[in-house]
Amino acid sequence: MLDRKPVESWLTDMDGVLVHEGQPVPGAPEFVKRLRASGKPFLVLTNNSIYTPRDLQARLSRMGLDVPEEAIWSSALATAQFLGDQRPGGTAYVIGEAGLTTALHAVGYVLTDFAPDYVVLGETRTYSFEAITKAIRLINDGARFICTNPDVTGPSVEGALPAAGSVAAMISKATGIEPYFVGKPNPMMMRSALNTINAHSESTAMIGDRMDTDILCGLEAGLETILVMTGISTRAEAERYPYRPSRIVESVADLIDEI
């Protein structure tokens with residue numbers, strides 16, 4: 001990793017890197033401002049498939065982070081792109097929110113519960129037992145099973161919430177079929193992000209707060225990986241993994257002068 005090319009493109013996770021518990025991470029607004037002023041390609045990545053890029057842009061803007069809509073890449077967008085490449089003009093039964101349904105419509109998919117090509121599971125604020133039952137029956141009837149991301153829990157003010165990975169496990173238990181996960185840590189999420197900004201892995205850095213998703217994903221995609229201490233993983237936890245980030249910094253504030 002010592003002879004890597006200078007960083008010309010940046011990928012960064014959102015929650016735990018730029019924002020934390022609904023507030024901007026100190027230095028994050030300045031980091032984004034410097035990125036935009038530099039003209040270097042960058043994307044903000046998230047495994048959350050609930051929101052559209054426009055929704056996320058508005059959310060970040062309220063926190064003082066001026067991120068363009070086109071600089072946001074979600075597991076919903078990656079999933080839609082993947083399905084559009086695999087089976088153009090296909091059909092899907094979707095459990096999810098506007099971020100996922102809008103992305104699938106944009107690539108020409110028809111959403112239906114009549115013999116769909118795919119069952120696509122994403123994040124939602126309210127998982128319906130009726131919808132999960134429908135998904136199980138459609139998969140048993142031959143629909144292919146896709147899940148936007150493998151996260152088993154998500155954060156909330158009250159504590160952990162079950163996320164797409166947990167619901168996917170329930171559906172898998174009932175059907176005997178494992179889903180294909182598109183989001184992190186699947187390196188496909190990174191590859192699709194790189195292609196979106198015409199970046200090369202050898203000159204791109206991935207900033208993340210989780211060893212098991214962000215760092216693993218970046219590592220497997222051949223990127224420089226930077227772990228920040230403003231989210232999930234700690235230095236002690238990082239030492240327990242069989243792989244290492246390229247480096248560890250306290251926060252994105254420490255990277256401003258590198259851009």
Side-chain angles (χ1 to χ4, degrees), residues 13-17 19-22 45-52 55-56 59 73-80 82-83 92-104 111 113 116-190 192 208-218 220 231-234 237 240-241:
D13 186 36
M14 185 172 68
D15 292 307
V17 177
V19 299
H20 183 66
E21 295 183 349
L45 275 60
T46 177
N47 258 3
N48 191 324
S49 64
I50 290 178
Y51 304 104
T52 66
D55 296 332
L56 291 170
R59 175 190 170 195
W73 189 247
S74 70
S75 64
L77 294 173
T79 297
F82 171 72
L83 294 182
Y93 176 70
V94 177
I95 298 176
E97 302 270 350
L100 183 54
T101 57
T102 301
L104 286 168
L111 307 188
D113 62 358
D117 297 317
Y118 297 96
V119 165
V120 183
L121 173 65
E123 301 285 5
T124 176
R125 300 174 185 87
T126 53
Y127 284 106
S128 157
F129 187 77
E130 180 181 358
I132 293 169
T133 301
K134 171 69 75 171
I136 289 168
R137 291 171 180 169
L138 291 172
I139 292 168
N140 282 336
D141 287 341
R144 302 154 189 87
F145 188 16
I146 299 287
C147 187
T148 57
N149 59 292
D151 302 64
V152 293
T153 61
S156 79
V157 176
E158 295 82 13
L161 294 171
S166 293
V167 179
M170 179 167 61
I171 294 173
S172 293
K173 193 71 172 179
T175 60
I177 302 295
E178 296 290 329
Y180 181 70
F181 293 105
V182 176
K184 298 176 294 183
N186 188 342
M188 179 175 291
M189 178 84 167
M190 292 289 156
S192 62
D209 70 308
R210 293 187 63 141
M211 287 291 294
D212 58 347
T213 55
D214 307 319
I215 301 306
L216 177 59
C217 198
E220 292 187 344
I232 300 295
S233 295
T234 65
E237 290 168 350
R240 297 178 61 86
Y241 283 84

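Sequential numbering from 1 along the given sequence is applied to the chain's residues. Quick caveat: nothing in here was measured; it's all calculated off a predicted structure.
Listed by chain and residue number, Glu97 satisfy the salt bridge (charged side-chain N to carboxylate O under 4.0 Å, His left out) test with Arg125 (two or more places apart in sequence, or in another chain). Among residues two or more places apart in sequence or in another chain, the side-chain contact (heavy atoms from CB on, under 4.5 Å) test is passed with Ala80 by Ala103, Leu104, Val107. Shown here are the side-chain hydrogen bond (donor to acceptor under 3.5 Å, both in side chains) partners of Thr52, two or more places apart in sequence or in another chain: Asp55. By the side-chain contact (heavy atoms from CB on, under 4.5 Å) test, Ser75 is found to be paired with Asn47, Ser49, Thr148, Asn149, Met189, residues two or more places apart in sequence or in another chain being considered. With sequence neighbours excluded, the residues forming a ring pair (Phe, Tyr, Trp, His ring centres under 6.0 Å) with Phe82 are Tyr180, listed by chain and number. For Ser192, the side-chain contact (heavy atoms from CB on, under 4.5 Å) partners two or more places apart in sequence, or in a different chain, are Trp73, Ala78, Gln81.
Here the straight-line distance linking atom CD1 of Ile132 with atom CG of Leu121 works out to 7.5 Å at 0.5 Å rounding. In this structure, OG1 in Thr153 is found 8.5 Å from CG in Leu161, a value given to the nearest 0.5 Å.
No donor-acceptor pair under 3.5 Å is formed between the side chain of Thr124 and the backbone N or O of Tyr127.
Side chains of Arg59 and Val19 form a contact here, defined as non-hydrogen atoms less than 4.5 Å apart. With contacts defined as side-chain heavy-atom distances shorter than 4.5 Å, the pair Asp13/Arg210 does not qualify. Using a 4.5 Å heavy-atom cutoff, the side chains of Leu216 and Met211 are not in contact. A 4.5 Å side-chain heavy-atom check between Ile146 and Pro179 finds every atom pair outside the cut-off.
Ion pairing of Lys184 with Asp15 is absent here, as no side-chain N (NZ or NE/NH1/NH2) approaches a carboxylate O to less than 4.0 Å.
Taking each heavy atom of Asn186 and Cys217 in turn, the nearest pair found is O-SG, 3.2 Å. What you find for Val119 and Ala143 is that their closest heavy atoms are CG2-CB, 3.9 Å. Phe145 and Glu178 get closest at one heavy-atom pair: CD2-C, 4.1 Å.
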